[in-house]
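Quick notes on the structure that follows.
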Amino acid sequence: MLEFIALNMAPIMFASLVIFLLLGYPVAFSLAANGLVFFAIGVWLAPWSANSITLDWPLLFTMPQRLWGTMSNETMLAIPFFTFMGIVLERSGMAEDLLDTIGQLFGPIRGGLAYAVVIVGALLAATTGVVAASVIAMGLISLPIMLRYGYDRRVASGVIAASGTLAQIIPPSLVLIVLADQLGRSVGDMYKGAMIPGLVLTGLYMLYIFVVSIMRPTWVPALPPEARTLGHGIISLLIAIVAAMGIGYAAHVWLYPTHGANADILGGTIGVAAIYGFALLDRGMKLGVLSKLASQVIMVLIPPLALIFLVLGTIFLGIATPTEGGAMGAVGSMLLAAMKGRLNMGVITQALASTTRLSAFVMFILVGARVFSLTFYGVNGHIWVEHLLTALPGGQMGFLIFVSALVFLLAFFLDFFELAFIIVPLLVAPAEALGIDLIWFGVILGVNMQTSFMHPPFGFALFYLRSVAPKSSYIDKVTGIKTAGVSTGQIYWGAVPFVVIQVVMIGITIAFPSMVMHYKGKPVDTTNVQITVPALPTLNVPGAAPATGGLPKIGAPSIGGAPAPAPAPGGLPKLGAPVVNP
């Protein structure tokens, strides 16, 4: 019996961890306790393990160094920076301004408010990276408006919850930082690889709204004319966009001889800055050149887009690391809040407190995972997992499908931090053994973990929305009409179509790896590459004649200019006594 337990320590240890988690114990303490208990058991059972258990008490002395390496990891420092940035932006009212402006822009068409929620969700994801902030902000601001104008409650709640979860896959996502760290890859590469899948997923959400607007137009009505407070002015906005593109192209042509490939980004920046400066001048001097709608759209959209470029643009251009980009984003968010007059000590204190709580939560889980992994690797658990997963039929595709299904099911019970720290480290070795690119693998896992926020009944995004959605009937502040609340069942049913879309996106990412592989850049053309090996230099040794093979014969050294002994017939010199000139 002892031999059986010793030889199967890895699966027993993993099963016990699952039981701990299902019983409701905190994840960090479950990991650490499981690791320490099985460490003691493993040391005791090592003699019966046929050398498969390599645990011994002195191995515990390495734990402080492992924990210090975890806490001094500079990559993880990006998490508090991006969290602080997101919370400050959420407190600054940026989400409210974006939703109001884009809602007015798309208001005349069916589903316009839903489109606005998806677009704002993508923008908030690219600036905040925090799901809770996005869902709560949009739930408080847009849900009452959508209910006021007759949106179906399931569609409205599903759109808000799903759009908030875009912060999981669109950089600067916190989960991508954690995945890059666990996979041992660059955060910048992970951000580049995830950008296109994140935008494609945003497009799929909008496609679903378009289909609903055709199949069930009464579910997503357009805004009535009296609700469009910014009036009309699309032509003015289009002219402003064309002018910005023209200025940007001219700047690109002017800068290309000196800046090369970076001229397009610099030209676009100049074009956007020019139209933003003109909008400021038009509003400040009351020129009336731009329509009210065009002016509002430019004034509201440009600052968050500038912040996105400050954070992601500098990372993609290689100017800043993700940690440095997060630091600049934190400073930029405070500047935007100050421009709106909403930066005060209360906002900073709340942001610092929330950032500290989240960072401590992440660090405790990571410390527990380190303790667990020390024991799990000591009982050859990683080899057990690798043999188990590489033996799956179908090779790479079979492995990816199985892992995707496993993570999807585990996401019903675990959030993305827990999945990243517990499951992902076990999958690295099998993925590398099968030749799977780890950035591609990480993006697949990131899209998959996004579903953990949308799974009924445990999805955190659904809980966030439930906390701010009206549960019972209420009197609308604008219309004065009694409006029915939103039930928990309606929130859950509204999430189901978007979970299906997310699963479809997992399949698309697996089927089309080129969406991610662009992070490597253009492949190097090796057809015209020539390799030239330089000739060996001739050794100039005094008194040695060159050999027939091209290398000189090495004679004995001479000091003071005396002739060296003549070489022997065999080619090597006779070693005589050194001659010294007094």
Side-chain angles (χ1 to χ4, degrees), residues 89-90 92-128 134 137-138 141-142 145-146 149 159 163 166 170 199 202-203 205-206 209-210 222-249 267-310 313 332-333 335-337 339-342:
L89 288 176
E90 188 263 331
S92 71
M94 185 186 72
E96 182 177 357
D97 294 341
L98 285 171
L99 282 167
D100 180 60
T101 303
I102 299 179
Q104 293 284 329
L105 182 63
F106 286 90
I109 62 175
R110 285 199 301 262
L113 284 176
Y115 290 130
V117 169
V118 174
I119 294 172
V120 172
L123 288 173
L124 290 178
T127 51
T128 66
S134 300
M138 292 191 293
I141 300 164
S142 63
I145 301 174
M146 298 173 86
Y149 296 112
V159 167
S163 300
L166 288 172
I170 293 180
L199 296 177
T202 304
Y205 288 169
M206 298 180 74
I209 296 168
F210 177 73
L223 279 178
E226 61 272 15
R228 303 171 200 166
T229 57
L230 293 180
H232 301 282
I234 298 295
I235 301 299
S236 176
L237 179 61
L238 292 177
I239 293 175
I241 293 173
V242 171
M245 294 174 63
I247 295 172
Y249 180 74
T269 303
I270 292 173
V272 171
I275 198 64
Y276 184 69
F278 181 79
L280 285 175
L281 182 66
D282 181 73
R283 176 174 290 189
M285 300 186 67
K286 298 181 180 179
L287 300 177
V289 177
L290 294 173
S291 67
K292 187 178 180 181
L293 177 63
S295 177
Q296 183 71 7
V297 169
I298 293 172
M299 296 294 292
V300 169
L301 276 182
I302 298 297
L305 290 176
L307 184 62
I308 292 171
F309 174 76
L310 178 68
S333 66
L335 290 177
L336 288 183
M339 289 169 57
K340 293 178 178 293
R342 299 181 182 180

Exercise for the section: Apply side-chain contact (heavy atoms from CB on, under 4.5 Å) to the pair I119 and M206, showing each step before the final yes or no. Expected result: CA-CA 9 Å; I119 294 172; M206 298 180 74; 4.1 Å; yes

Practice task
Report yes if some heavy atom in the side chain of I234 is under 4.5 Å from a heavy atom in the side chain of L105; otherwise report no.
Solution key: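 Of all side-chain heavy-atom pairs linking L105 with I234, at least one is under 4.5 Å.
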
Partners passing side-chain contact (heavy atoms from CB on, under 4.5 Å) against [X] (at least two apart in sequence or in another chain):
X: A306; value: none
X: I109; value: F106, Y115
X: I241; value: L237, M245
X: I239; value: I235

Spacing of [X] atom [atom1] and [Y] atom [atom2] [to the nearest 0.5 Å]:
X: L293; Y: T101; atom1: CG; atom2: OG1; value: 8.5 Å
X: S333; Y: L310; atom1: OG; atom2: CG; value: 10.0 Å
X: L166; Y: L199; atom1: CG; atom2: CG; value: 9.5 Å
X: I308; Y: L123; atom1: CD1; atom2: CG; value: 5.5 Å

Practice task
Over all heavy atoms of both residues, which pair between S236 and A294 is shortest? Give the atoms and the distance, please.
Solution key: OG-CB, 3.7 Å

Problem - Heavy-atom pair with the smallest gap, counting every atom of P108 and A222 - result: O-CB, 3.6 Å

Handout entry: Over 12 non-hydrogen atoms of neighbours within 6.0 angstrom of CZ in F309
Key = yes

Problem - Exam field: side chain S163 to backbone G121, donor-acceptor pair closer than 3.5 Å - result: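 Such a contact is absent between S163 side chain and G121 backbone.
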
Practice task
Run the numbers on I145 and L99 for side-chain contact (heavy atoms from CB on, under 4.5 Å), then give the verdict.
Solution key: CA-CA 10 Å; I145 301 174; L99 282 167; over 6 Å; no

Practice task
Check each of L301, V300, V120 against D97 using the side-chain contact (heavy atoms from CB on, under 4.5 Å) test, and report the only one that passes.
Solution key: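 Exactly one option meets the side-chain contact (heavy atoms from CB on, under 4.5 Å) with D97, and it is V300.
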
Name every donor-acceptor pair, under 3.5 Å, that has one atom in a side chain of residues 270-286 and the other anywhere in the protein, sequence neighbours excluded.
unit_1 : atom_1 : unit_2 : atom_2 : d
D282   : OD1    : G288   : N      : 3.2
D282   : OD1    : V289   : N      : 2.8
R283   : NH2    : S295   : OG     : 3.4
R283   : NH2    : Q296   : OE1    : 3.3

